Amino acid sequence: MCREIQYLFFVLMLFHQEFSYAQNSVSFATSAEKELFQSQDYASIIAIQAFTSSVTPSILSTSKADTFYDTHLQSLSAKINSKDSNKRKAAIIFDYLHNQVFNKYELEALVPHLINNNTYNCVTATALFVSYAEAFQIPYKIYETPAHVYASVIDKDKEIFVELTAPKIGYDLKLDYETMVQILVSSKLISRDEVANKGAKQVYQEHIRDTKVISKRELLAIQYHNNGLVYAKQKQYTEAYNQMNKAIALYPNQTFSKAYSYIASISQLDFTIETDKKYELLRSMLNSTKTDSLLTYSLVNHLGELTEDLLKNEESFEKVQSLLEEVEKNIVLNDFIKSKLDEYRVYMFTVFAQNASLRGNTISAKNNLQKAIDLAPNNDRLVTFYVSAASSYASKLSQSGLFDRAKEVISELGEQYKSGYPIITETKVQIILDSLVPIPKTLENKDHLILNLKNANQLSPENIYLQSFAADIFHELAMQP
């Protein structure tokens, strides 16, 4: 077994590079971690070698990382005879780890804690144990309960269970429910109050009964999951999301999805985090949503508030539009989710229209509102806004002397909305009057002028501006010789 593979895990913890994975970016400590992460062949890879927390060299020195695994492997090699039974070899490893490596149990201990101060939990301890078991060709299994992991080794036809968080009774453990519940209490995975309230059998049913064998790939995922929770607690959300993306990629399950949803909630609702940062976090989450309904709902739920916050800054308009497109491509899409995305798009187009109106860009306002109405045709307030914007656009065309185009726009609007919107009629009258302004008020143009005034009067006989405009024209015509 080559030296680089033996302690690859530790080297991975020291460097931080960016690599493309899935839709966005997932961070790997080194290219070696990326290669291991994406590998489908875990048969010859020690689980702990790939565990990574993206820590800085100030937290974990290179020399410590390089020597930790080899130092203990050499010590074990001096204690283990190749002729020893698997049971004896495993017992030597177990005793050595608890005498020389494992000093203090901490529920949230990560790999750097194990290397720096010998603090461990069930995942890091189990991983290190099975790493050395594999190094000495001892067959083993890794078990996962809903709240815990432990291991076993095979000696001939006998399976010997190994609980790494119980130094006194953990080797050749008897798996009765009372012992297992007590281990969970000692490991701070459940409280004594819970046992007192529910009883040991009920607690066993909830936390231990659904035990299953997992692969090294899945054990690696559990470490990523644990890393993510710890990073989230420290408000290092970028790395928390990154670790959860890797966990779910390796081992999709509801426990991880719920944990990730929780991290998304506390980060997206944290008022101290800048909007652009929340945007990057939510985009990172898209690495895990494509086939995960729970995470899709979580992401879309937070997307609405993020969209509102981003749209407060006009410079973010394109960012919002591209985000909604990216989300739709990378989630589990159903009718409800689609309706929520449409709702966010309606809001987006409406804000685009409002800003365009403020700038006097009536065509942009009209076009954006048309897009919004296409998504929400029964939204009365939206239709009213659209009619107003389209009428303003027609008026602006008219004021620019583009009378035919103005009439075309307002006529189309009138056909689309035949009643209930007086502004359409008012705009039609205004366009007629605007078109008459440049026409000389001479007897040669009298018939044309009067015909258009009659058309305007049929549309709005009570229009005061029309009456005043007509009076001026008739006065000028009457003054003709």
Side-chain angles (χ1 to χ4, degrees), residues 314 317 321 342-343 345-478 480:
E314 190 171 348
F317 283 4
Q321 195 160 4
D342 286 348
E343 179 183 317
R345 285 196 176 96
V346 166
Y347 180 77
M348 175 185 71
F349 288 130
T350 303
V351 173
F352 289 176
Q354 289 171 338
N355 280 269
S357 293
L358 291 173
R359 295 194 307 269
N361 189 344
T362 53
I363 186 170
S364 177
K366 171 184 175 296
N367 290 342
N368 278 294
L369 286 168
Q370 182 62 66
K371 293 175 183 177
I373 287 176
D374 289 343
L375 295 170
N378 297 320
N379 187 321
D380 291 339
R381 291 181 63 186
L382 195 59
V383 170
T384 300
F385 189 8
Y386 171 72
V387 170
S388 175
S391 298
S392 295
Y393 172 56
S395 293
K396 190 167 185 178
L397 289 171
S398 178
Q399 291 163 10
S400 301
L402 301 173
F403 306 119
D404 290 340
R405 177 59 183 148
K407 291 176 181 178
E408 182 182 343
V409 170
I410 203 66
S411 295
E412 289 176 357
L413 190 65
E415 286 296 317
Q416 191 174 2
Y417 303 101
K418 296 182 183 298
S419 62
Y421 298 97
I423 191 173
I424 296 177
T425 301
E426 293 170 8
T427 303
K428 286 180 177 180
V429 170
Q430 184 62 50
I431 293 171
I432 292 173
L433 299 184
D434 287 345
S435 70
L436 296 181
V437 170
I439 298 176
K441 310 307 184 287
T442 63
L443 294 176
E444 290 82 359
N445 296 321
K446 177 179 178 181
D447 292 342
H448 178 73
L449 292 168
I450 292 176
L451 176 62
N452 279 277
L453 289 173
K454 286 182 177 179
N455 290 338
N457 187 67
Q458 288 175 352
L459 290 170
S460 183
E462 304 300 325
N463 189 305
I464 297 175
Y465 180 68
L466 169 60
Q467 293 172 1
S468 174
F469 188 89
D472 289 342
I473 289 180
F474 285 121
H475 175 74
E476 289 192 36
L477 290 173
Q480 296 293 318

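Throughout, numbering of the chain's residues begins at 1 and tracks the sequence. The model shown is predicted, which means the values in this text are computed figures rather than measured ones. Basis for what follows: all heavy atoms, side chains included, without hydrogens, waters or symmetry-related copies.
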query: Relative to each other, are the rings of F469 and Y465 parallel, tilted or perpendicular (30° and 60° limits)?
result: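 Ring orientation, 0 to 90° scale: tilted.
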Considering only heavy atoms from C-beta outward, does the side chain of [X] approach that of [Y] to under 4.5 Å?
| X | Y | value |
| --- | --- | --- |
| T425 | T427 | no |
| L369 | F349 | no |
| R359 | E314 | yes |
| N379 | V383 | no |
| Q354 | T350 | yes |

From [atom1] ([X]) to [atom2] ([Y]), nearest 0.5 Å:
| X | Y | atom1 | atom2 | value |
| --- | --- | --- | --- | --- |
| I450 | I473 | CD1 | CD1 | 9.0 Å |
| D380 | F385 | CG | CZ | 15.0 Å |
| N452 | D447 | CG | CG | 11.0 Å |
| S391 | I424 | OG | CD1 | 5.5 Å |
| I423 | Q430 | CD1 | CD | 11.0 Å |
| L436 | D434 | CG | CG | 9.0 Å |

message: Could you check whether atom CD1 of I464 has more than 12 heavy atoms from other residues, nucleotides or ligands sitting under 6.0 Å from it?
response: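 Atom CD1 in I464 is not crowded, with 12 or fewer foreign heavy atoms closer than 6.0 Å.
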CG/N455: more than 12 non-hydrogen atoms of other groups inside 6.0 Å: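 More than 12 within 6.0 Å, yes.
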message: For a side-chain contact (heavy atoms from CB on, under 4.5 Å) check, start with the C-alpha distance between I432 and L459, then their side-chain angles and the critical distance, and finish with the verdict.
response: CA-CA 11 Å; I432 292 173; L459 290 170; 4.0 Å; yes
- prompt: Shortest non-hydrogen contact from I431 to A406?
  reply: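 The pair with the smallest heavy-atom distance is CD1-O, 3.6 Å.
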message: Testing the basics here: between Q467 and P461, what is the closest heavy-atom pair and its distance to 0.1 Å?
response: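 Residues Q467 and P461, closest heavy atoms: NE2-O, 3.1 Å.
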Evaluation steps, side-chain contact (heavy atoms from CB on, under 4.5 Å), between V437 and L433: CA-CA 7 Å; V437 170; L433 299 184; 5.8 Å; no
message: Going by salt bridge (charged side-chain N to carboxylate O under 4.0 Å, His left out), name the residues that satisfy it together with E408, two or more places apart in sequence or in a different chain.
response: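 Residues passing salt bridge (charged side-chain N to carboxylate O under 4.0 Å, His left out) with E408: R405.
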Sub-3.5 Å donor-acceptor pair from the side chain of [X] to the main-chain atoms of [Y], do we have one?
| X | Y | answer |
| --- | --- | --- |
| S398 | A394 | no |
| K441 | I439 | yes |
| S357 | A353 | yes |
| N368 | S364 | yes |
| N457 | L453 | no |
| K428 | S460 | no |
| S388 | T384 | no |

task: Kindly indicate, with the supporting measurements, whether the criterion side-chain contact (heavy atoms from CB on, under 4.5 Å) is fulfilled by D342 and R345.
output: CA-CA 5 Å; D342 286 348; R345 285 196 176 96; 3.9 Å; yes
task: For K371 and F352, run side-chain contact (heavy atoms from CB on, under 4.5 Å): C-alpha distance rounded to whole Å, both residues' side-chain angles, the deciding distance at 0.1 Å, then the answer.
output: CA-CA 11 Å; K371 293 175 183 177; F352 289 176; over 6 Å; no
